[in-house]
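Okay, so here's the structure we're looking at.
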Amino acid sequence: MSETAPLKRLYIKTYGCQMNVYDSERMADVLAPLGYGMTDSPEGADLVVLNTCHIREKATEKVYSELGQIKRLKETKRAEGGAMTIAVAGCVAQAEGEEILRRQPAVDLVVGPQAYHQLPELIARAHRARGERLAAAFAPEEKFDALSVERRPTGVTAFLTVQEGCDKFCTFCVVPYTRGGEWSRPAETIEAEARSLAEKGVREVTLLGQNVNAYAGEGGLAGLVRRLATIPGLDRIRYTTSHPRDMDEALIAAHAEVEALMPYLHLPVQAGSDRILKAMNRAHTADSYLRLIEKIRAARPDIAISGDFIVGFPGERDADFEATLQLVREVGHASAFSFKYSRRPGTPAAAMPGQVAEEVKDERLARLNALLDEQRLAFNAAQVGRTLPVLFEKLGRHPGQIIGRSPYLQSVHVAAPDRLIGEIVPVRIESSASNSLAGALDLETV
Ligand code: SAH
Ligand code: SF4
Ligand code: F3S
């Protein structure tokens with residue numbers, strides 16, 4: 001379509017993990033040639049896409065309440081003689097499919113995470129109003145073949161999906177059902193996409209996968225990191241999310257040797273009780289996790305460790321929860337995410353005996369969060385007095401202030417000229433708070 005095609009307004013709302021953020025960008029990419037340009041409000045939009053998450057019950061319910069509101073906007077637009085197309089994408093689309101169309105008839109089409117490259121075709125069909133409103137096949141290779149490796153990044157950092165799906169089947173989790181089995185993109189196309197990003201000013205990529213360190217392309221994840229580290233301009237590489245089972249020697253060695261690989265590792269452990277870990281089907285114990293962390297720290301002593309935790313898994317007793325607190329104390333986290341167990345229909349844990357009362361989950365979550373907050377504060381405070389290289393990403397809220405990230409993924413606020421956005425600059429850290437650091441440029445840099 002020509003550059004002068006009339007601009008249709010596309011609104012995408014993204015829920016869930018970073019892979020959904022990546023997928024939303026790619027949806028915008030496949031729709032751009034049809035004349036769709038992004039808008040930041042659903043009001044009056046020609047196409048509304050909700051890119052959804054199914055991980056916990058709350059995430060799923062949010063989608064239905066949002067759909068109720070979008071439906072009203074669709075009616076308003078119709079009353080004014082216009083038309084709005086509503087698409088539900090992402091993991092709820094995959095998991096609930098037809099059910100979405102039944103629960104909210106205003107939805108025009110439902111497209112799973114491996115089928116969004118078909119959006120142009122699906123939209124055309126919806127406009128002709130003839131059937132087939134659901135696309136939810138598992139064929140990641142087809143999707144990536146259909147997507148261009150050319151990217152249109154909007155900033156100096158970008159996500160890049162290298163692996164999708166999960167074969168681990170943790171008993172609480174829907175991801176193996178919504179994203180399908182583990183599949184890795186070929187290293188060449190990943191490199192091409194990374195080069196396209198770097199040429200357009202991206203300085204940092206975060207490689208994404210539901211089990212990114214299970215990357216099975218040439219050279220494994222360690223080989224991929226080394227390969228991408230040679231791309232001119234690409235100075236920082238991160239990856240997420242990893243499973244402890246796939247943290248191999250080569251990747252640990254890369255942390256010691258590859259300068260571009262940032263010293264930050266999100267390595268969810270979920271719980272500290274071996275009995276619970278076994279019931280979760282995690283394939284690691286508390287002790288094997290701790291030994292792994294020791295090995296990683298031997299290779300890269302300053303690495304910041306992050307993780308995910310679930311409290312109130314079925315059968316979790318006080319002593320099990322205490323074991324989680326104990327493990328947290330031993331690891332020392334730079335950051336972490338903690339969740340109350342959410343019963344997901346169709347997963348093995350949903351049918352397990354010993355479901356934990358909501359009040360008990362609340363109380364455990366509060367205690368775990370207090371400990372994790374303390375650790376995050378301490379990690380941030382430990383940076384005060386150090387000089388850290390900061391990649392500046394955007395303007396701050398206050399005039400004259402810009403915001404970037406430390407190697408450990410902390411937000412750093414600095415009074416500095418905005419021409420430094422996109423640069424990696426040494427910053428003397430002067431103070432810390434629970435979610436950010438503040439510092440000053442070395443005088444020679446300005
Ligand atoms: N693939 C990644 C991300 C999975 S989802 C991984 O393996 O880590 C992100 C986090 O959500 C998980 O690590 C887990 O802590 C949490 N989670 C998954 N299912 C959940 C459930 N049913 N209830 C509560 N938290 C859940
Ligand atoms: Fe879910 Fe476990 Fe797979 Fe992570 S490893 S996506 S928690 S099943
Ligand atoms: Fe949610 Fe799907 Fe990501 S369930 S966490 S959007 S993989």
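The shown structure was predicted, so the numbers you read here are calculated from the model rather than taken from an experiment. Every number for a ligand or one of its atoms is a count from 1 in the order of the listing. FYI, side chains are in, hydrogens and waters are out, and symmetry mates aren't considered; it's all heavy atoms of this structure.
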Practice item. Could you tell me whether a side-chain N or O of Arg238 sits under 3.5 Å from a main-chain N or O of Leu207, the two making a donor and an acceptor? Key: no
Check your understanding: Which one holds for Asn211 and ligand 2: side chain close, backbone close, both close, or neither close, with close meaning a heavy atom under 4.0 Å?
Key -> side chain
Review point. Should you measure from each heavy atom of Arg344, which atoms of ligand 1 turn up under 4.0 Å away?
Key: 22 (N)
Study note, to complete from the structure: Residue, atom and distance of the protein heavy atom nearest atom 23 (N) of ligand 1 read Ser342 N, 2.9 Å
Point to revise | Close side-chain approach of Asp108 to Lys74, heavy-atom, < 4.5 Å | key: yes
Exercise for review: Decide whether the shortest distance between a heavy atom of Arg282 and an atom of ligand 2 is less than 4.0 Å.
Suggested key: yes
Revision key, fill the gap. Within 4.0 Å of some non-hydrogen atom of Cys91, the atoms of ligand 3 are 2 (Fe), 4 (S), 6 (S), 7 (S)
Exercise for review: Check for a donor-acceptor pair, side chain of Asn281 on one end and backbone N or O of Phe169 on the other, with a separation under 3.5 Å.
Suggested key: yes
Check your understanding: How far is atom 6 (C) of ligand 1 from its nearest protein heavy atom, and which residue and atom is that?
Key -> Thr241 CG2, 3.5 Å
Practice item. Would you mind listing which atoms of ligand 1 come within a distance below 4.0 Å of any non-hydrogen atom of Tyr341? Key: 23 (N), 24 (C)
Review point. Side chain, backbone, both or neither: which part of Met19 comes within less than 4.0 Å of ligand 3 when only heavy atoms are counted?
Key: neither
Point to revise | Polar side-chain atom of Arg376 near backbone of Ser434 as donor-acceptor pair, under 3.5 Å | key: yes
**Study point:** Nitrogen or oxygen of Asp308 less than 3.5 angstrom from that of ligand 1
**Key:** yes
Check your understanding: For atom 6 (S) of ligand 2, which of Val175, Val174, Thr178 has the closest heavy atom?
Key -> Val175
Point to revise | 4.0 Å heavy-atom contact, Gln210 with ligand 1 | key: yes
Exercise for review: Validate the cation-pi geometry between Arg367 and Phe321: distance from NZ or CZ to the six-membered ring centre under 6.0 Å, angle to the ring axis within 45°.
Suggested key: no
Point to revise | Nearest neighbour in protein (non-hydrogen) for atom 1 (Fe) of ligand 3 | key: Cys53 SG, 2.3 Å
Point to revise | Check ion pair Arg405-Glu204 (N to O, under 4.0 angstrom) | key: no
Point to revise | Heavy-atom protein contact below 4.0 Å for atom 3 (C) of ligand 1 | key: no
Review point. What atoms in ligand 2 come closer than 4.0 Å to a heavy atom of Pro176?
Key: 8 (S)
Revision key, fill the gap. At under 4.0 Å between heavy atoms, what of Cys166 touches ligand 2? The answer is side chain
**Study point:** Tyr215-Tyr239 aromatic ring centre distance below 6.0 Å
**Key:** no
Check your understanding: Is the closest side-chain donor-acceptor distance between Glu330 and Gln326 under 3.5 Å?
Key -> yes
Review point. Aromatic rings Phe313 and Tyr341: how do their planes relate, parallel, tilted or perpendicular, breaks at 30° and 60°?
Key: perpendicular
Practice item. Report yes if the side chains of Asp287 and Asp274 come closer than 4.5 Å at any heavy-atom pair, otherwise no. Key: no
Practice item. Using distance alone, with no hydrogens and no angle criterion, decide if Gln69 and Arg72 have a side-chain donor and acceptor under 3.5 Å apart. Key: no
Review point. Mind checking whether Cys173 has an N or O less than 3.5 Å away from an N or O of ligand 1?
Key: no
**Study point:** Test item, Cys166 contacting ligand 1 (heavy atom, 4.0 angstrom)
**Key:** no
Practice item. Scan the protein's non-hydrogen atoms and note whether one is under 4.0 Å from atom 18 (C) of ligand 1. Key: yes
Review point. Do Gln18 and Thr206 come within less than 4.5 Å of each other through their side chains, counting heavy atoms only?
Key: no
Point to revise | Proximity of Phe172 to ligand 1 by residue part, where a heavy atom lies under 4.0 Å | key: both
Review point. Going by the atom numbers of ligand 2, which of them fall below 4.0 Å from some non-hydrogen atom of Cys173?
Key: 1 (Fe), 6 (S), 7 (S), 8 (S)
Review point. Using 4.0 Å as the upper bound for N to carboxylate O, is an ion pair formed by Lys361 and Glu358?
Key: yes
Review point. So which heavy atom in the protein is nearest atom 5 (S) of ligand 1, and how far is it from that ligand atom?
Key: Ile55 CD1, 3.4 Å
Point to revise | Side-chain donor or acceptor of Gln375 paired with backbone N/O of Val328 under 3.5 Å | key: yes
Review point. In terms of the angle between their ring planes, are His333 and Phe309 parallel, tilted or perpendicular, with boundaries placed at 30° and 60°?
Key: perpendicular
Point to revise | Atoms in ligand 3 flagged as close to Asn20, the criterion being non-hydrogen separation under 4.0 Å | key: 6 (S)
Exercise for review: Could you say whether the N/O atoms of Gln270 and ligand 1 ever approach to under 3.5 Å?
Suggested key: yes
Review point. Any idea which atoms of ligand 2 are less than 4.0 Å away from a heavy-atom of Phe172?
Key: 7 (S)
Review point. Which of the atoms of ligand 3 are close to Gln210, meaning less than 4.0 Å from one of its heavy atoms?
Key: 7 (S)
Review point. At a 4.0 Å threshold, what atoms of ligand 1 neighbour a non-hydrogen atom of Lys340?
Key: 23 (N), 24 (C)
Exercise for review: Pick one of side chain, backbone, both or neither for how Pro268 approaches ligand 2, counting any non-hydrogen atom pair under 4.0 Å.
Suggested key: neither
Check your understanding: Out of curiosity, is His243 lining ligand 2, as in a heavy atom under 4.0 Å away?
Key -> yes
Exercise for review: Would you check if there is a donor-acceptor pair between the side chains of His284 and Arg282 at a distance under 3.5 Å?
Suggested key: yes
Exercise for review: May I ask you to list the atoms of ligand 1 that are less than 4.0 angstrom from any heavy atom of Pro268?
Suggested key: 8 (O)
Point to revise | Protein contact to atom 3 (Fe) of ligand 3 [nearest heavy atom, distance to 0.1 Å] | key: Cys17 SG, 2.3 Å
Check your understanding: Does Asn211 come within less than 4.0 angstrom of ligand 1, counting non-hydrogen atoms of the residue?
Key -> no
Check your understanding: Distance from Thr240 atom OG1 to His266 atom NE2, nearest 0.5 Å?
Key -> 5.0 Å
Check your understanding: Is the closest side-chain donor-acceptor distance between Arg317 and Ser273 under 3.5 Å?
Key -> no
Check your understanding: Looking at atom 2 (Fe) of ligand 2, what's its closest protein heavy atom, distance included?
Key -> Cys170 SG, 2.2 Å
**Study point:** Heavy-atom donor-acceptor pair, Ser24 side chain to Thr14 backbone, under 3.5 Å
**Key:** no
Exercise for review: Note the single closest protein heavy atom to atom 4 (S) of ligand 3, along with its residue, its atom name and the distance in Å.
Suggested key: His54 N, 3.3 Å
Point to revise | Arg297 side chain reached by Ile293 side chain, heavy atoms, under 4.5 Å | key: yes
Check your understanding: Which atoms of ligand 3 have any heavy atom of Arg179 under 4.0 Å away?
Key -> 7 (S)
Review point. At a 4.0 Å cut-off, with the gap strictly under it, does some heavy atom of Arg343 reach an atom of ligand 1?
Key: no
Review point. Is the shortest N/O to N/O distance between Arg56 and ligand 1 below 3.5 Å?
Key: yes
